[in-house]
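To start, the structure under review is shown below, and the notes come after it.
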Amino acid sequence: MVKRIFFIFLLCITILPLCSEEAEHNRIKIDNNTKLKIEMDLSSRMKFQFISGYNIYDLLPQLGFNFVLFEDYILSVSQSISLRMKESNPIFGEKPFSAHVAFNDTNVGFVWQPSYQRWRFRLGLTSTFPTAPWTSKTGRFVTGSGRFGEEIFFAANYITDPVVIGGRLSYTFVSPQLKDADSGWIPCILTSSLQITAVLNNNISVSCVPAISWNSGPLQNARYIPGQSSLTESIKLNFSWTESTWSISTELELLHSEGVFFPIWAIAFSSELYGK
């Protein structure tokens with residue numbers, strides 16, 4: 001039933017452009033001769049879950065900086081914080097409300113984003129550093145993995161204004177946990193996704209994103225622990241406003257994973273700090 005609804009919505013997205021507006025600017029090609037640009041990104045995501053009688057709200061604020069060279073090369077650094085708020089049922093005999101906060105692992109990335117006619121490409125590398133707490137202690141909120149990670153990804157978008165069709169493929173390998181060599185390497189995590197976006201006007205867009213992921217599992221003592229695969233589907237409604245040196249956007253997402261729906265709300269602000 002869920003997949004039927006998802007594909008019906010996917011069909012609707014392909015029909016939406018018939019009543020959408022042409023953008024005032026040209027999304028196919030925007031001339032910009034900036035050699036160096038420094039941007040600051042502020043964003044936050046909130047996800048709601050209901051698990052075993054608990055209402056759980058996960059808030060993920062993030063601060064990032066992008067160093068853009070000749071519009072095609074981007075070096076980025078980002079740091080996020082996890083804030084978890086939990087409401088419990090009185091029958092559990094616990095505090096009705098609790099909150100925990102901690103830093104997440106730090107990410108550093110590099111992206112090359114060339115373009116050709118209506119095509120936009122992104123080839124990048126993202127490194128994850130285990131800067132967040134990963135060992136469980138009494139009363140400690142664990143947000144990190146304790147592992148170094150490297151992700152290599154390739155993405156392509158084809159613009160048929162006002163529709164954008166794209167896909168993304170990534171490969172990730174992860175080191176053993178710090179001070180625990182027995183935890184084993186995770187040599188392969190493969191993720192692929194398809195995204196179809198209908199741009200209704202300059203400010204509103206609707207997206208449909210199916211994705212599949214496969215995790216090889218850890219390699220311990222020269223033997224693999226069996227991995228697993230997962231399939232997700234999401235529908236996104238995005239509102240954005242862009243000016244010459246800044247932009248702001250908010251997004252409502254309904255994510256379906258392993259038979260469970262997760263409503264997600266996100267907001268983002270980006271500002272150009274320097275351009276030459």
Side-chain angles (χ1 to χ4, degrees), residues 1-7 9-10 41-64 78-107 128 130-147 149 151 168 170 172 174 177 186 189 191-195 206-215 217 227-239 249-268:
M1 181 63 180
V2 172
K3 289 180 173 57
R4 184 180 300 175
I5 295 174
F6 180 78
F7 286 111
F9 190 83
L10 182 63
D41 293 329
L42 289 171
S43 63
S44 183
R45 289 168 59 87
M46 173 175 276
K47 181 172 70 172
F48 169 75
Q49 305 177 69
F50 179 78
I51 302 176
S52 302
Y54 294 93
N55 291 326
I56 298 177
Y57 307 88
D58 287 315
L59 188 64
L60 191 73
Q62 177 173 287
L63 172 64
S78 62
Q79 178 65 60
S80 61
I81 298 174
S82 284
L83 172 62
R84 171 163 289 187
M85 295 169 285
K86 183 171 68 173
E87 291 180 330
S88 63
N89 194 308
I91 64 175
F92 294 149
E94 301 177 359
K95 291 182 178 180
F97 179 84
S98 63
H100 302 276
V101 63
F103 282 97
N104 294 313
D105 292 338
T106 303
N107 292 321
T128 301
T131 56
W134 70 89
T135 56
S136 180
K137 295 181 180 179
T138 303
R140 190 174 191 180
F141 181 39
V142 176
T143 56
S145 64
R147 301 172 182 263
E151 179 194 31
R168 189 180 190 275
S170 69
T172 304
V174 182
Q177 282 190 330
I186 301 178
I189 302 174
T191 304
S192 63
S193 63
L194 173 68
Q195 177 165 324
V206 183
S207 301
C208 193
V209 187
I212 187 169
S213 179
W214 178 76
N215 187 328
Q228 60 182 358
S229 61
S230 62
L231 176 66
T232 63
E233 304 101 6
S234 67
I235 298 169
K236 303 178 181 181
L237 177 63
N238 183 278
F239 302 86
S249 65
T250 185
E251 184 176 83
L252 299 174
E253 177 181 359
L254 185 61
L255 174 67
H256 177 256
S257 176
E258 300 180 353
V260 181
F261 284 98
F262 300 99
I264 300 173
W265 172 72
I267 187 169

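Model, not experiment: these values are computed from the prediction.
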Hits for side-chain contact (heavy atoms from CB on, under 4.5 Å) against Thr143, two or more places apart or cross-chain, chain-then-number order -> Ser82, Ala102, Asn104, Ala132, Pro133, Phe141
When every non-hydrogen atom of Ser213 is compared with those of Ile189, the smallest separation belongs to OG-CG2, 4.1 Å
Should we count CZ of Arg168 as having more than 12 external heavy atoms under 6.0 Å?
yes
Tightest non-hydrogen contact, residues Ser80 and Leu60, listed as OG-CD1, 4.0 Å
For the residue pair Thr232 and Ser257, confirm or rule out a side-chain donor-acceptor distance under 3.5 Å.
no
To the nearest 0.5 Å, atom CD1 of Ile267 lies from atom OG of Ser43 at 10.0 Å
For Phe262, the ring pair (Phe, Tyr, Trp, His ring centres under 6.0 Å) test, sequence neighbours excluded, returns none
side-chain hydrogen bond (donor to acceptor under 3.5 Å, both in side chains) filter on Ser230, not counting sequence neighbours, yields none
The side-chain contact (heavy atoms from CB on, under 4.5 Å) partners of Phe103 (sequence neighbours excluded) come to Gln79, Ile81
Output for pair (Asp105 CG, Thr131 OG1), nearest 0.5 Å, gives 5.0 Å
The side-chain hydrogen bond (donor to acceptor under 3.5 Å, both in side chains) partners of Thr250 (sequence neighbours excluded) come to Trp265
In this structure, CG of Leu237 is separated from CD of Glu253 (nearest 0.5 Å) by 11.0 Å
With sequence neighbours left out, the residues meeting side-chain hydrogen bond (donor to acceptor under 3.5 Å, both in side chains) with Arg84 are Asp58
Hits for side-chain hydrogen bond (donor to acceptor under 3.5 Å, both in side chains) against Ser193, two or more places apart or cross-chain, chain-then-number order -> none
Compare all side-chain heavy atoms of Asn238 with those of Lys236 and state whether any distance is below 4.5 angstrom.
no
Residues passing the salt bridge (charged side-chain N to carboxylate O under 4.0 Å, His left out) test with Glu251, sequence neighbours excluded, are none
**Prompt:** Heavy atoms, side chains only, cut-off 4.5 Å: are Leu42 and Leu63 in contact?
**Reply:** yes
d(Leu194 CG, Ile212 CD1) to nearest 0.5 Å is 12.5 Å
Here the gap from Ile56 atom CD1 to Gln49 atom CD, rounded to the nearest 0.5 Å, amounts to 5.5 Å
Residue set satisfying side-chain contact (heavy atoms from CB on, under 4.5 Å) with Leu59, at least two apart, ordered chain then number -> Ser44, Met46, Pro61, Leu83
side-chain contact (heavy atoms from CB on, under 4.5 Å) filter on Gln177, not counting sequence neighbours, yields Trp134, Arg147, Asp180, Ser183
